[in-house]
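Some notes on the structure that comes next.
This one's a predicted model, so the numbers in the text were calculated from it and none came from an experiment.
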Amino acid sequence: NMKLEYQIDFLETIKKMSLIDRKQDFKTMHLNVPIGTEKFWLKELKKYSFIKWTELNLMGTIKPQN
C-alpha cells in the first residue's frame with residue numbers, strides 16, 4: 001500500500017545498497033543515523049504501516065585511551 005514514488009525510491013535504495021532478499025516472512029534492516037537523531041528516526045519510521053517494529057539498539061562508539 002505504498003505510494004508509487006515511495007515504491008520507486010525503495011527499489012532504487014535496494015539497488016544502491018546492494019540489498020539481498022533472503023525470501024523470509026520478515027525483513028530486517030539496520031540503519032546508522034547521525035548521533036542525536038536516533039529518536040527522530042525511530043518516530044519517523046513508525047509512521048509507515050509496512051514497518052511493524054522499530055527499536056534503538058543503543059550501540060555507541062568509544063575513543064580508545066592511550
Run the side-chain contact (heavy atoms from CB on, under 4.5 Å) test against [X] and tell me which residues pass, sequence neighbours left out.
X   : value
L56 : E38, K39, L42, L58
T13 : D9, M17
K16 : none
S49 : N1

Q65 atom CD, neighbour heavy-atom count above 12 within 6.0 Å: no
Give a yes or no on whether I35 atom CD1 has more than 12 heavy-atom contacts from other residues, nucleotides or ligands under 6.0 Å away.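 Not buried by this count: 12 neighbours or fewer within 6.0 Å.
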Is there a path of hydrophobic side-chain contacts, each under 4.5 Å between heavy atoms of I/L/V/M/F/W/Y residues, joining Y6 to L11?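 Yes, one cluster joins them.
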Can F50 be reached from I8 by stepping across I, L, V, M, F, W or Y side chains whose heavy atoms are under 4.5 Å apart? no
What's the spacing between I14 CD1 and L19 CG if we round to 0.5 Å?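 With rounding to 0.5 Å, CD1 (I14) is 6.0 Å from CG (L19).
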Say you draw a straight line from CD of E12 to CZ of F10; how long is it, rounded to the nearest 0.5 Å? 12.0 Å
What residues, two or more places apart in sequence or in another chain, satisfy side chain to side chain donor-acceptor pair (under 3.5 Å) together with E44? K47
Non-hydrogen atoms of L45 and I51 that approach each other most closely: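 Taking every non-hydrogen atom into account, O-CD1, 3.5 Å.
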Pairwise ring-ring contact (aromatic ring centres under 6.0 Å, His included) hits with a residue in residues 28-47, at least two apart: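 Every pair satisfying ring-ring contact (aromatic ring centres under 6.0 Å, His included) with a residue in residues 28-47: there are none.
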